[in-house]
Amino acid sequence: MPELAEVETFRRQLEPLLLGNTIESIELFHPRITRRHPNKKIFIKEVEGATVKKVSRYGKYLILELSPVSFLNIHLRMSGRFLVFDSENFEISMLPKHSHVVIYTKEKVVAYIDPRTFGEFWLTKSRTPEIDKGIDAFDSSQYQLYEKLSQYALSKRPIKTILLDQSVVSGIGNIYADEICANAQVLPTKRTCDLSDSENSKIVKSIKSVLQSAIDDRGSSLKDESFRDLYGNVGQYQNKHLVHARKTCSKCGSEIGKTKLAGRSTYFCRHCQG
DNA sequence: GCATATGTTCCCCC
DNA sequence: GGGGGGAACATATG
Ligand SMILES: [Zn+2]
């Protein structure tokens, strides 16, 4: 479910609730979420009583920096989300199905919900290099993005495959890869080596502008509405999609093409991107 | 029963 | 070494 825009939505909503506050307790209801920690008691002991010093995001990773110093790394994978309650009137019975982790602070209770349990929480003593593979798709400058893309100027891989590669740019997933290509008026299947300078430049500008708009609209909730923000509200950016999960192009009205690329459903407009 | 799902990793193969 | 394809993880929905 969550790509960079959805993770950033959670980050912005969690930050004011957690920053400077102490995690009074954490409950683990499903062992898979903390699967890197066979000993759950040690994990719980590390987190309980810690104060949140920073709430950051890199790509699709969310990172809570704690004091005493440790890093609580979180990845939501396909179906992870958060939901907040006021401590004052919270009861366990309020937790939705598939609530696997619950974080308690003085005033708020934050539940982590994840039907497919692909998501992960794990602790490291320092910032872990595994999250820093590619450059962040949103926080990097246009110059940095252009330079990074230039490294693939000879690549025969389709441009969408490059955008989806987290070791190149970190944070773009299937929805926004399609939307970035549509916004840049480049077919997702086009070989990266065949992109003109102007097309490369449009891709870079579109990475920034599509993600900015998507964050402004608190992400995309598709038909199943499985993405809800911290307050249980659906996002709004799906209403601004040009092509992804659409029947017709919202720019020109022509029929949307659909194919498989890198094993993922891929939507495009032949008229606008041809 | 089948296909699909906003993600990542691992294995096999060319 | 690069890169493609498929399977795996586990659950829900059409
Ligand atoms: Zn169009």
Side-chain angles (χ1 to χ4, degrees), chain A residues 1-11 29-36 57-62 73-82 96-100 112-122 128-134 137-138 151-182 188-189 191-193 207 210-211 213-215 217-229 234-247 258-267:
Chain A
M1 155 176 52
E3 302 184 27
L4 187 153
E6 290 74 27
V7 177
E8 178 63 16
T9 298
F10 285 128
R11 194 202 67 75
F29 294 116
H30 199 304
R32 249 182 73 77
I33 307 301
T34 49
R35 53 194 173 274
R36 296 196 199 192
R57 178 198 57 72
Y58 194 92
K60 300 170 194 168
Y61 295 85
L62 192 66
N73 309 289
I74 301 171
H75 198 299
L76 278 41
R77 294 286 183 100
M78 286 292 268
S79 59
R81 65 183 178 103
F82 295 98
K97 199 175 178 183
H98 305 298
S99 295
H100 302 319
Y112 174 72
I113 303 151
D114 189 352
R116 294 168 75 177
T117 68
F118 291 173
E120 279 196 272
F121 282 46
W122 78 101
T128 172
E130 88 175 77
I131 67 176
D132 286 323
K133 281 189 234 160
F138 185 64
Q151 294 173 12
Y152 296 86
L154 299 178
S155 173
K156 291 177 179 171
R157 295 164 69 191
I159 180 62
K160 180 177 176 181
T161 310
I162 300 295
L163 293 174
L164 283 175
D165 187 337
Q166 305 297 299
S167 68
V168 181
V169 272
S170 188
I172 299 170
N174 200 37
I175 294 177
Y176 297 108
D178 281 354
E179 289 302 305
I180 287 162
C181 290
T189 49
R191 298 192 307 177
T192 303
C193 59
I207 291 172
V210 166
L211 293 178
S213 303
I215 292 166
D217 274 333
R218 299 179 349 276
S220 299
S221 299
L222 297 184
K223 201 157 49 182
D224 67 353
E225 298 190 346
S226 65
F227 170 69
R228 303 287 185 126
D229 71 8
V234 294
Q236 290 302 316
Y237 192 70
Q238 68 280 2
N239 300 317
K240 296 183 185 168
H241 286 186
L242 299 178
V243 294
H244 188 87
R246 290 185 57 90
K247 288 264 179 281
K258 191 178 174 188
T259 185
K260 279 256 193 249
L261 209 159
R264 323 293 302 276
S265 290
T266 296
Y267 300 82

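By convention in this document, chain letters (A, B, ...) are assigned in the order of the sequence lines, proteins followed by strands, and residues within each chain are numbered from 1. These values consider heavy atoms only, across backbone and side chains, with no hydrogens, waters or symmetry-generated copies.
A:Arg81 places its CZ atom 16 Å from the C1' atom of B:dA5, with the value rounded to the nearest Å. We find that CZ of A:Phe227 is positioned 15 Å from C1' of B:dG7, with the value rounded to whole Å.
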Would you tabulate the side-chain donor-acceptor contacts of residues 258-267 of chain A under 3.5 Å, counting partners in other chains and residues two or more places apart, or write 'none'?
| unit_1 | atom_1 | unit_2 | atom_2 | d |
| --- | --- | --- | --- | --- |
| A:Thr266 | OG1 | A:Lys160 | NZ | 2.8 |
| A:Thr266 | OG1 | A:Arg264 | O | 3.1 |

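Here A:Arg57 pairs with A:Glu8, A:Asp136, A:Asp139 under the salt bridge (charged side-chain N to carboxylate O under 4.0 Å, His left out) rule; sequence neighbours left out. Partners of A:Arg228 under the salt bridge (charged side-chain N to carboxylate O under 4.0 Å, His left out) rule, at least two apart in sequence or in another chain, are A:Glu225. The salt bridge (charged side-chain N to carboxylate O under 4.0 Å, His left out) search around A:Arg32 returns none, not counting sequence neighbours. With sequence neighbours excluded, the residues forming a side-chain contact (heavy atoms from CB on, under 4.5 Å) with A:His100 are A:His30, A:Ile33, A:His98, A:Asp114, A:Thr117, listed by chain and number. Take A:Tyr61 and apply the ring pair (Phe, Tyr, Trp, His ring centres under 6.0 Å) test, not counting sequence neighbours, and it matches A:His75. With sequence neighbours excluded, the residues that form a salt bridge (charged side-chain N to carboxylate O under 4.0 Å, His left out) with A:Arg157 are A:Asp165. A search for side-chain contact (heavy atoms from CB on, under 4.5 Å) contacts involving A:Gln166 returns A:Lys60, A:Ser170, not counting sequence neighbours. The side-chain hydrogen bond (donor to acceptor under 3.5 Å, both in side chains) search around A:Lys240 returns A:Asp217, not counting sequence neighbours.
Close approach of DNA chain C to chain A, defined as any atom under 4.0 Å from a non-hydrogen atom of the protein, starts and stops at C:dG3 to C:dA12.
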Which protein N or O atoms sit under 3.5 Å from an N or O of nucleotides 8-14 of chain B?
| unit_1 | atom_1 | unit_2 | atom_2 | d |
| --- | --- | --- | --- | --- |
| B:dT8 | OP1 | A:His75 | NE2 | 3.0 |
| B:dT8 | OP2 | A:Lys60 | NZ | 2.8 |

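Heavy atoms of A:Leu222 sit under 4.0 angstrom from at least one base atom. At the heavy-atom level, A:Thr117 lies under 4.0 Å from the strands shown only through sugar-phosphate atoms. Base contact: A:Asp224 has a heavy atom under 4.0 Å from a base atom. Contact annotation for A:Pro115: backbone-only contact, meaning every heavy-atom pair under 4.0 Å involves sugar-phosphate atoms and none involves a base.
Looking at which nucleotide of DNA chain C each of A:Lys223 and A:Tyr152 is closest to, the 5′-most match is held by A:Tyr152. Comparing A:His98 and A:Gly263 by the nucleotide of DNA chain C whose heavy atom lies nearest to each, the residue mapping closer to the 5' end is A:Gly263.
For B:dA3, neither phosphate oxygen OP1 nor OP2 lies less than 4.0 angstrom from any side-chain nitrogen or oxygen of A:Lys260.
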Read 5' to 3' with Watson-Crick or G-U pairs under 3.5 Å, [ ] for crossing pairs and | for partners on another strand, DNA chain B gives .||||.||||||||
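Of all heavy-atom pairs between A:Val169 and A:Ile162, the closest is CG2-O, 4.2 Å.
The same atom, P, is picked in C:dA10 and in B:dC10; the two are 16 Å apart, to the nearest Å.
Between A:Tyr176 and A:Tyr237, the ring-plane angle classifies as tilted under the 30° and 60° cut-offs.
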